[in-house]
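Within every chain, numbering begins at 1; the chains are lettered A, B, ... in the order of the sequence lines, protein sequences first and strands thereafter.
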Amino acid sequence: MTFNPAILTDNWREIFDGMVLTILIWIAGTAIGLVIGLAVAVIQLFTNRWVAAPLTLYVAVMRGTPFLIQLFVIYYGGPFFGLDLTPLVAGVAGLALYGGAYFSEIFRAGFLSVPPGQIEAARMMGIGRLDIVRHVQLPQMLVIILPALANMTVLLSKETAVLSVITVNELTSVVQSIGSTTFAFAETLLFLALVYWAFLEIVTAAARRLEKRVGRFMLRTQG
Amino acid sequence: MFNTEIIVKSLPMLLQASVWTVIYSLTSVAIGFCIGTLMCAAGLSASRLGRAVSAFYVSFFRGVPLLVQLLISYYCLPLIGVNVPSSVAAVGTLALCTGAYIAEILRGGFLGIPPGLIEAARMVGLSRAQILTRIEVPLAVRFTLPSLVNETTMMVKASSLISVVGVLELTRLAQNIATSTFQPLEIYLTAGAIYFVINGAITLAGEFAESRFRMEKAR
Amino acid sequence: MAERPIIDVRGVWKRFGDVEVLKGIDLAIAKSEVTCIIGPSGSGKSTLLRCIAFLEEYSEGEIYIEGELLGFSLENGKRRRVSDAEVARVRRNVGFVFQQFNLWPHMTALENVAAPLKLARGIAREDAEKRARRMLEKVGLSHRAEAYPSQLSGGQQQRVGIARALAMEPHIMLFDEPTSALDPELVGEVLQVMRDLAGEGMTMAVVTHEMGFAAQVADTVVFIDHGVIAASGSPQQVFRHEENPRLRQFLQNYFERNVFWQGSDAAPAS
């Protein structure tokens with residue numbers, strides 16, 4: 001077999017666009033997912049169980065079924081509800097809903113990790129429920145759950161590749177189609193693996209550094 | 001309107017295909033557990049080469065999307081003269097991928113054992129091999145059982161990706177039915193429900209296994 | 001001393017990197033002698049005990065267990081680390097009781113005691129369990145034999161820890177702050193077991209903060225401070241007549257903290 005890296009350089013423009021789209025999808029999906037996750041956790045913990053029950057079901061379903069099936073339901077099943085989504089919108093929505101379920105579990109564990117005595121103390125001083133969340137619980141738990149959040153964010157970046165199956169023109173899709181038109185599978189796919197690998201190593205290393213800095217900051221403020 | 005008839009009609013076929021999903025995912029977890037144990041041992045060993053191999057392996061298979069790994073094994077194995085059925089290549093890839101995660105899980109389990117428990121074993125004269133088999137492995141498995149069960153459910157979900165490289169299992173069959181009947185919502189929801197039930201059963205089995213250890217943790 | 005000491009520590013140093021934790025310790029413990037090692041936290045007293053058990057490698061000096069050099073061999077003046085099996089052989093008659101009990105959580109109390117007999121001594125299961133039951137009875141826990149460690153109170157766990165060590169029929173027992181992890185009301189039951197052991201003539205080295213126990217049971221009290229033995233002698237000498245200012249300060253702090261039940265007259269004249 002021959003190895004011809006020129007196939008990659010010849011198509012650098014498309015590949016670059018695919019990379020940019022992958023990163024944008026990842027950022028958008030993560031950001032929306034975080035909002036969904038926090039909202040779900042807060043509602044689950046601070047309202048009655050009739051409100052919480054459907055959300056619990058949502059979390060269980062998203063965690064118990066394949067991401068690919070979820071994408072199919074949203075993209076191909078959307079028209080049934082009058083939602084004729086483009087592949088990109090369906091993909092980002094799917095990523096956000098999928099990530100949101102996992103993020104909500106992380107936030108929930110975080111809320112429960114703050115000692116109840118502190119919340120009692122805040123309540124005794126007449127601080128409102130949402131202010132307790134914002135000023136007492138969130139700042140403390142964020143440090144604790146940061147590694148889990150970072151880990152999930154990294155996982156989501158890998159899931160973006162699955163969006164290629166519903167024809168989103170992200171990196172995997174672009175490189176794969178170059179491969180199948182030129183039959184240069186080895187060059188394209190190994191390149192693809194290397195790009196993801198390098199990207200994940202960089203993101204993971206960045207997350208570690210962030211954790212360390214936040215950890216040091218907390219040590220300082222807590223004396 | 002929502003077509004329940006098509007669900008009733010295709011359910012038997014989907015259930016049959018889900019047997020393959022279970023077989024493929026459990027086989028890859030079983031093989032992955034062996035790979036993971038070896039890689040964990042290499043990673044905790046004194047050998048510099050062993051640690052390097054383990055670190056490289058874990059980093060690569062956790063760092064590259066599973067879909068890309070599957071595409072590589074599907075398209076590139078024949079290029080280097082390896083001609084195996086696509087299902088074998090796919091299960092092998094799943095096993096390599098989950099092996100990396102299992103290696104990390106087991107590593108955490110071993111490192112989480114309080115050193116005092118090992119010291120106590122040394123002080124009553126247990127040999128290194130006895131400490132490993134009687135103290136460390138049982139404790140590591142107990143510590144990591146929930147994570148190992150969770151990893152198994154992850155693999156059931158991840159096995160849906162092997163549909164992309166043409167292996168017939170639940171997702172692939174659902175795709176086939178959905179495109180021929182033009183009822184994607186009903187079919188994919190049904191497939192999703194089957195995955196949900198499979199993972200529910202695995203989680204329950206895991207909880208049962210854990211409850212056998214629970215009295216050790218009572219109080 | 002007419003008889004050869006069971007434990008003979010000679011000029012032992014222990015360094016962790018640049019930190020010198022033990023700085024030339026000499027200590028001999030004779031058969032049936034009870035030695036209590038006291039001192040402020042961080043003074044090196046636990047490290048000394050762990051060196052005697054070879055849970056830590058000492059950096060310099062020699063430790064002899066019943067006449068045999070522990071952990072090293074001397075070849076024309078050069079120290080060489082011996083194999084783990086050789087270490088295990090030399091310390092086979094040394095029992096160790098940990099501050100944190102270190103019971104194996106996946107085994108019942110009985111299994112915790114019986115497993116080492118089976119695994120390290122090759123004793124048949126039935127005999128091992130018979131002996132384990134006898135040991136649990138000795139520490140007053142035969143009724144809890146089937147319980148897992150998490151189902152036992154701290155005091156009970158520590159008594160299982162003692163039974164586990166005793167089952168190996170050691171000639172010497174080392175106790176590393178055996179009551180420090182316990183709630184105050186559970187300390188008594190563990191100390192009682194230790195008192196009984198001392199009464200039976202067991203050779204013991206006890207790192208402890210329990211001055212009452214040291215005063216009543218010890219033959220020798222050793223005060224370690226900054227990695228050296230700053231004072232040693234009979235309890236009478238050490239607690240009443242010692243002039244070392246660091247020791248006086250240490251005891252003063254102790255008595256002030258416990259003045260409620262100790263009575264102010266027990267404090268050394270200041």
- Task: Please flag which part of R50(C) lies under 4.5 Å from any non-hydrogen atom of chain B: side chain, backbone, both or neither.
- Result: side chain

- Task: May I ask you to check whether over 12 heavy atoms, not counting those of R122(B), lie within 6.0 Å of atom CZ?
- Result: yes

- Task: Count the heavy-atom pairs under 4.5 Å between each of A120(B), S127(B), G125(B), P138(B) and chain C, then report the option with the highest count.
- Result: A120(B)

- Task: Identify whether NZ of Lys or CZ of Arg in R134(B) sits under 6.0 Å from the centre of the six-membered ring of W104(C) and within 45° of that ring's axis.
- Result: no

- Query: So which part of V97(C) gets closer than 4.5 Å to some heavy atom of chain B, the side chain, the backbone, both or neither?
  - Reply: neither

- Interchain contact, F101(C) with chain B, by part (heavy-atom threshold 4.5 Å): neither

- Consider only side-chain N and O atoms of T93(B) and S73(B), and report whether a donor and an acceptor are under 3.5 Å apart. yes

- Does the separation of the ring centres of F54(C) and F72(C) fall below 6.0 angstrom? yes

- Item | Contact class of R92(C) relative to chain B, heavy atoms under 4.5 angstrom | neither

- Taking the six-membered ring for Trp, are F98(C) and F96(C) parallel (under 30°), tilted (30 to 60°) or perpendicular (over 60°)? tilted

- What part of E119(B) is in contact with chain C, defined as an atom under 4.5 angstrom from a non-hydrogen atom: side chain, backbone, both or neither? both

- Message: Just verifying a value: how many Å separate M154(B) CE and L94(B) CG, rounded to the nearest 0.5 Å?
- Response: 13.0 Å

- Note on the structure: Per-residue tally against chain B (heavy atom, under 4.5 Å) across A85(C), A147(C), A165(C), A120(C) peaks at A120(C)

- Tell me, yes or no, whether the heavy-atom count around E126(C) atom CD, taken from other residues, nucleotides or ligands under 6.0 Å, exceeds 12. no

- Note on the structure: Residue from R164(C), R91(C), Q99(C), R89(C) scoring the most non-hydrogen pairs under 4.5 Å with chain B is R91(C)

- Message: Please classify the contact of L174(C) with chain B as side chain, backbone, both or neither, using a heavy-atom distance under 4.5 Å.
- Response: neither

